[in-house]
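In what follows, a structure is listed as structure tokens, so that the remarks can point back to it.
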Amino acid sequence: MRPFVLFLGFAAVLLGQGGGSVQFRDWTPPPATTKPVTTCRQLLSLTDFDLSVVSAALVPPSTSAPEHCHVFLMAQPEINIEVNLPTGWNGRFYMFGNGGWAGESFDAPGRVANHARALRAGFATASTDTGHAAALEPDASFALNRQKLLDYGFRSLHVTVLAAKRLVHSYYHANPSKSYYDGCSQGGRQGLTIAQRFPDDFDGIIAGSPALHNTGNMLARAYWMKGLIANPFPAAKLGLLAATVYEKCDAKDGLKDGLIDDPLHCGFKATQDLPRCAEGKDQSDCFTAAEIAAADRIYSDVIRQGKRFFPGWPVGAEVAGPNGQSGWLGQVITAPGGGSVWANYARSFLSYMATPGVDASQSIADFDIDKDIPRLEFLHEAIDATDPDLSAFRRRGGKLIMYFGWADPQLNPRVAVEYYEQVTALMGDSTPEFFRLFMVPGMFHCGGGVGTSTFDVATPLLHWVESGDAPKTIPASRVSSGNVVRTRPLCPYPLMARYKGSGGIDDAANFSCAAR
């Protein structure tokens with residue numbers, strides 16, 4: 001039994017790792033032969049001025065996980081950490097990240113599943129709440145405390161690694177031979193933060209759909225939502241919007257298959273391509289001038305103080321996902337009877353981080369994209385992960401895989417592409433020797449959508465780190481009702497999967513990675 005259970009607040013949900021929660025699926029673990037040299041209970045004695053080991057209990061084997069020592073500890077001031085040490089250890093360490101504003105319960109199903117999956121493969125595992133509990137400090141309210149903000153931004157990540165590796169050494173009298181990090185969304189941002197700030201912590205890092213430009217993303221959301229409040233886009237016309245976008249863009253990559261593989265080059269323009277209603281008319285098969293202006297605002301770059309500040313949203317996420325609802329519904333566009341994720345994040349960021357004390361109900365209405373924000377530079381240093389200099393991580397032999405869904409409705413895929421291009425510009429054409437980006441056509445945020453969003457990223461990373469075998473492709477599938485209905489190769493950017501011209505379009509064997 002874990003020491004306590006926390007309620008999961010809005011936006012603190014830990015999304016599944018690896019586009020379908022199948023990490024290590026394709027890996028054959030080596031024999032987990034390393035055994036403890038001390039008892040689990042003796043780890044309680046590691047408590048000191050900075051670290052409080054709250055509990056250490058041996059958990060018997062079950063159908064979900066092997067026997068392991070479960071340790072719960074707290075690092076100053078309030079960084080809660082969970083570490084699991086299998087009785088049969090494969091010599092490796094695995095840590096996974098957070099979602100949303102973090103502060104998740106350690107008993108949340110996704111977190112329990114992530115630990116169990118890694119334990120079955122013989123890893124010692126760790127995770128953290130980053131220093132606050134969402135149940136007590138929901139959304140970004142924890143950020144009113146400067147230390148908790150810094151812990152959320154970066155400190156808790158390194159502290160968790162140090163504490164976990166100390167437990168590993170005490171339990172087995174050995175250090176991990178290799179260490180791996182895995183995260184998506186906020187967890188993806190955490191992975192890039194570790195590579196940039198703490199390059200010696202991990203040998204391999206997976207950064208999925210990273211919220212790497214947190215400050216820019218939040219201010220852009222506020223800008224877009226202010227526009228939508230003044231000029232709403234109706235949820236009822238999302239189907240028409242998606243149909244128009246896909247009619248324009250689906251076949252531009254050479255194959256009409258219900259996917260937009262290259263949204264940045266399909267040439268869609270809301271002001272030109274959306275069917276316009278006659279003046280004074282508002283019909284279901286066309287868009288009013290105000291609706292076209294609302295969509296165009298989202299697709300267009302955000303300009304701040306006369307300069308491009310944040311990229312406009314690429315097309316693709318408007319499509320209906322497996323639940324039959326547009327990816328925009330509930331994210332960009334307010335769902336019937338509810339709010340939108342964009343608006344909730346933007347309000348919380350403005351009220352607790354950017355302009356503390358501002359009434360949340362008025363934060364977006366009063367927001368001015370051109371107005372100076374005194375705390376913006378501090379926040380950029382604390383919670384963004386945009387530094388393209390990964391030279392220290394590369395020198396230590398680290399490998400980094402980043403992936404992102406082209407149809408992500410929550411975080412902008414263009415930010416990941418531009419970051420990868422910035423790293424390449426700084427570090428040269430040999431960047432793919434240690435860092436590769438895989439874009440996933442049709443995938444929503446960290447999974448789902450209409451693309452091949454189920455794939456194992458951990459296995460290619462392990463092979464790359466331990467055998468030097470860089471991933472030329474990552475096998476991916478689309479699963480519907482438990483059945484695989486399509487397979488495709490994911491290709492390292494800037495390559496993309498191209499149809500060979502014959503054979504079924506749902507079979508990965510009929511595709512190869514080629515230049516755009």
Worked verdict on Tyr499 versus Phe511 for ring-ring contact (aromatic ring centres under 6.0 Å, His included): CA-CA 5 Å; Tyr499 183 53; Phe511 291 78; 5.4 Å; yes

Side chain to side chain contact (heavy atoms under 4.5 Å, CB included) evaluation trace for Lys399 with Glu433: CA-CA 8 Å; Lys399 309 298 181 187; Glu433 294 177 1; 5.7 Å; no

Evaluation steps, side chain to side chain contact (heavy atoms under 4.5 Å, CB included), between Thr125 and Leu119: CA-CA 7 Å; Thr125 73; Leu119 282 168; 4.3 Å; yes

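In this structure, Tyr180 places its OH atom where more than 12 heavy-atom neighbours from other residues, nucleotides or ligands lie under 6.0 Å away. Open room surrounds CZ on Arg41; 12 or fewer heavy atoms of other groups in view lie less than 6.0 Å from it. Remark: Lys472 NZ is loosely packed, at most 12 non-hydrogen atoms of other residues, nucleotides or ligands lying under 6.0 Å away.
A side-chain donor from one of Asp129 and Asn80 sits under 3.5 Å from a side-chain acceptor of the other. There is a side-chain donor-acceptor pair under 3.5 Å between Asp384 and His380. With 3.5 Å as the limit, one finds no donor-acceptor pair spanning the side chains of Ser141 and Asp139. Donor-acceptor pairing under 3.5 Å is recorded for the side chains of Ser185 and His445.
Under the 4.5 Å side-chain criterion, counting only non-hydrogen atoms from C-beta, Arg394 is in contact with Met427. Side-chain contact between Tyr94 and Asp182 is present, with at least one heavy-atom pair separated by less than 4.5 Å. Residues Val341 and Gln410 meet the side-chain proximity criterion, which asks for heavy atoms closer than 4.5 Å. Looking at heavy atoms from C-beta onward, Leu255 lies in side-chain contact with Ile505 at the 4.5 angstrom threshold. Side-chain contact between Trp89 and Pro176: present, with at least one pair of heavy atoms (C-beta onward) separated by less than 4.5 Å. Put simply, the side chain of Asp257 reaches to within 4.5 Å of the side chain of Arg486, judged on heavy atoms. Contact annotation: the side chain of Leu149 approaches that of Leu379 to within less than 4.5 Å [non-hydrogen atoms, C-beta and beyond]. Contact annotation: the side chain of His213 never approaches that of Glu418 to less than 4.5 Å [non-hydrogen atoms, C-beta and beyond].
Between the CG atom in Asn114 and the CE atom in Met95 there is a gap of 12.5 Å [rounded to 0.5 Å]. Rounded to the nearest 0.5 angstrom, Leu400 CG and Ile205 CD1 are separated by 6.0 Å. To the nearest 0.5 Å, the span separating OG1 on Thr160 from NZ on Lys165 amounts to 12.0 Å. Taking CD1 of Ile474 as the reference point, atom CG of Leu490 lies at 6.0 Å (rounded to 0.5 Å).
Among residue pairs with one or both ends in residues 405-430, those qualifying as ring pair (Phe, Tyr, Trp, His ring centres under 6.0 Å) are Tyr420-Phe435; sequence neighbours excluded. Within the structure, the disulfide bond (SG atoms under 2.5 Å apart) test picks out the following pairs touching residues 478-516 (sequence neighbours left out): Cys491-Cys513.
Judged by distance alone, with hydrogens and angles left aside, the side-chain atoms of Gln186 form a donor-acceptor pair with the main-chain N or O of Gly100 at under 3.5 Å. Judged purely by atom type and a 3.5 angstrom limit, Thr128 uses its side chain to pair as donor or acceptor with the backbone of Thr130. Judged by distance alone, with hydrogens and angles left aside, the side-chain atoms of Ser156 form no donor-acceptor pair with the main-chain N or O of Gly131 at under 3.5 Å. Within the 3.5 Å criterion, the main-chain N or O of His115 finds no donor-acceptor partner in the side chain of Arg117. Judged purely by atom type and a 3.5 angstrom limit, Gln23 uses its side chain to pair as donor or acceptor with the backbone of Val457. A distance-only check finds a donor-acceptor pair linking the side chain of Arg396 to the backbone of Pro199 [under 3.5 Å]. Side chain of Glu104 to backbone of Gly99: a donor-acceptor contact under 3.5 angstrom is found. Looking only at distances, a side-chain donor or acceptor of Asn510 sits under 3.5 Å from a matching main-chain atom of Gly504. Not a single donor-acceptor pair under 3.5 Å links the side chain of Trp313 to the backbone N or O of Leu411. Under the 3.5 Å distance criterion, the side-chain polar atoms of Ser467 are left unmatched by any main-chain donor or acceptor of Asp469.
Remark: Glu82 does not engage Arg111 in a salt bridge, criterion side-chain N to carboxylate O under 4.0 Å. Checked for salt-bridge contact, Lys148 and Glu137 meet the test: a charged N lies under 4.0 Å from a carboxylate O. By the 4.0 Å N-to-carboxylate-O rule, Arg25 lies too far from Asp456 to be salt-bridged with it. A salt bridge does not link Arg92 with Asp203: every distance from a Lys NZ or Arg NE/NH1/NH2 to an Asp or Glu carboxylate oxygen is 4.0 Å or more.
When all heavy atoms are compared, the tightest approach of Arg498 to Ala514 is CG-CB, 3.6 Å. Shortest non-hydrogen contact noted between Ala317 and Ala407 is CB-O, 3.2 Å. Nearest heavy-atom pair across Thr38 and Tyr171 is O-CE1, 3.5 Å. Taking both residues in full, the closest heavy atoms of Leu461 and Gly204 are given as CD2-C, 3.6 Å, listed atom of the first, atom of the second, then distance. Among all heavy-atom pairs drawn from Ile260 and Gly316, the shortest one is CD1-CA, 4.1 Å. Of all heavy-atom pairs spanning Leu192 and Met402, the tightest one is CD1-SD, 4.1 Å.
Partners of Phe438 under the ring-ring contact (aromatic ring centres under 6.0 Å, His included) rule, at least two apart in sequence or in another chain, do not exist in this structure. Every residue meeting the side chain to side chain donor-acceptor pair (under 3.5 Å) condition with Ser62, not counting sequence neighbours, appears here in chain and number order: Ser64. The ring-ring contact (aromatic ring centres under 6.0 Å, His included) check on Phe444 picks up nothing, with sequence neighbours excluded.
By the 6.0 Å and 45° rule, Arg221 stacks over the aromatic ring of Tyr345. The side-chain tip of Arg189 does not point at the ring of Phe154 from less than 6.0 angstrom away and within 45° of straight on.
The residue from Asp200, Thr193, Asp201 that alone fulfils the side-chain hydrogen bond (donor to acceptor under 3.5 Å, both in side chains) condition with His158 is Asp201. Screening Phe202, Phe393, Phe123 against Tyr181 for a ring-ring contact (aromatic ring centres under 6.0 Å, His included) leaves a single residue, Phe202.
Ring geometry for Phe72 versus Phe106: interplanar angle over 60°, hence perpendicular rather than tilted (30 to 60°). Using a 30° and 60° split on the angle between ring planes, His70 and His68 fall in the perpendicular class, above 60°.
Ring-centre distance between Tyr403 and Phe455: below the 6.0 Å cut-off.
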For residues 43-54, which side-chain N or O atoms pair as donor and acceptor with protein atoms under 3.5 Å away, sequence neighbours left out?
| unit_1 | atom_1 | unit_2 | atom_2 | d |
| --- | --- | --- | --- | --- |
| Ser45 | OG | Gln42 | O | 2.7 |
| Thr47 | OG1 | Leu44 | O | 3.2 |
| Thr47 | OG1 | Val53 | N | 3.0 |
| Asp48 | OD1 | Asp50 | N | 3.0 |
| Asp48 | OD1 | Leu51 | N | 2.7 |
| Asp48 | OD2 | Arg166 | NH1 | 2.9 |

